[in-house]
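Here's the structure, in structure tokens; my notes come after.
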Amino acid sequence: MTEERTPHHHHHHRHHHRDESEIFKNRQLKSKKRAKMFSNFLFTTGCILALLIIITVFWLYTNE
């Protein structure tokens, strides 16, 4: 009963070409998801950098 584990059972009986609109829609969804992930990554990185800079400045300011 390992039907979920085998990736070979994925839509292999639907070998006919899909509509162009369907392909376009899927591509748009994927790129939107990727863009969202990327912006989240940038936001997180920016927050971490800002925190590091603030901590560094504060540390330098208090250690003089």
Side-chain angles (χ1 to χ4, degrees):
M1 299 296 174
T2 57
E3 224 173 333
E4 297 107 310
R5 311 296 282 172
T6 54
H8 287 295
H9 282 110
H10 267 344
H11 308 293
H12 262 283
H13 50 278
R14 294 177 53 181
H15 242 300
H16 63 89
H17 290 290
R18 283 193 288 178
D19 302 350
E20 292 292 320
S21 60
E22 182 103 359
I23 292 167
F24 183 68
K25 211 194 312 173
N26 283 350
R27 197 176 295 153
Q28 269 201 328
L29 275 173
K30 273 185 189 153
S31 65
K32 263 186 196 161
K33 235 177 251 178
R34 198 175 296 129
K36 197 172 184 188
M37 270 175 50
F38 186 65
S39 65
N40 275 354
F41 171 74
L42 278 183
F43 179 71
T44 307
T45 310
C47 284
I48 291 169
L49 275 177
L51 271 175
L52 283 178
I53 290 168
I54 290 168
I55 289 168
T56 306
V57 169
F58 189 72
W59 186 78
L60 286 174
Y61 183 72
T62 51
N63 273 34
E64 264 185 4

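Sequence positions, counted from 1, serve as the residue numbers for this chain.
- Within the model, atoms CD of Glu20 and CD1 of Ile23 stand 5.0 Å from one another, a figure rounded to the nearest 0.5 Å.
- If you take SG on Cys47 and CG on Leu52, they are separated by 11.0 Å, rounding to the nearest 0.5 Å.
- Here Leu51 sits alone; no ILVMFWY side chain lies under 4.5 Å from its own, so it joins no hydrophobic cluster.
- Atom-to-atom distance recorded for Ile54:CD1 and Leu49:CG is 11.0 Å, nearest 0.5 angstrom.
- Looking at Phe24 and Gln28, their side chains come closer than 4.5 Å, going by heavy atoms from C-beta outward.
- Taking Ile, Leu, Val, Met, Phe, Trp and Tyr as members and joining any whose side-chain heavy atoms lie under 4.5 Å apart, directly or through other members, the hydrophobic cluster of Leu60 also contains Trp59.
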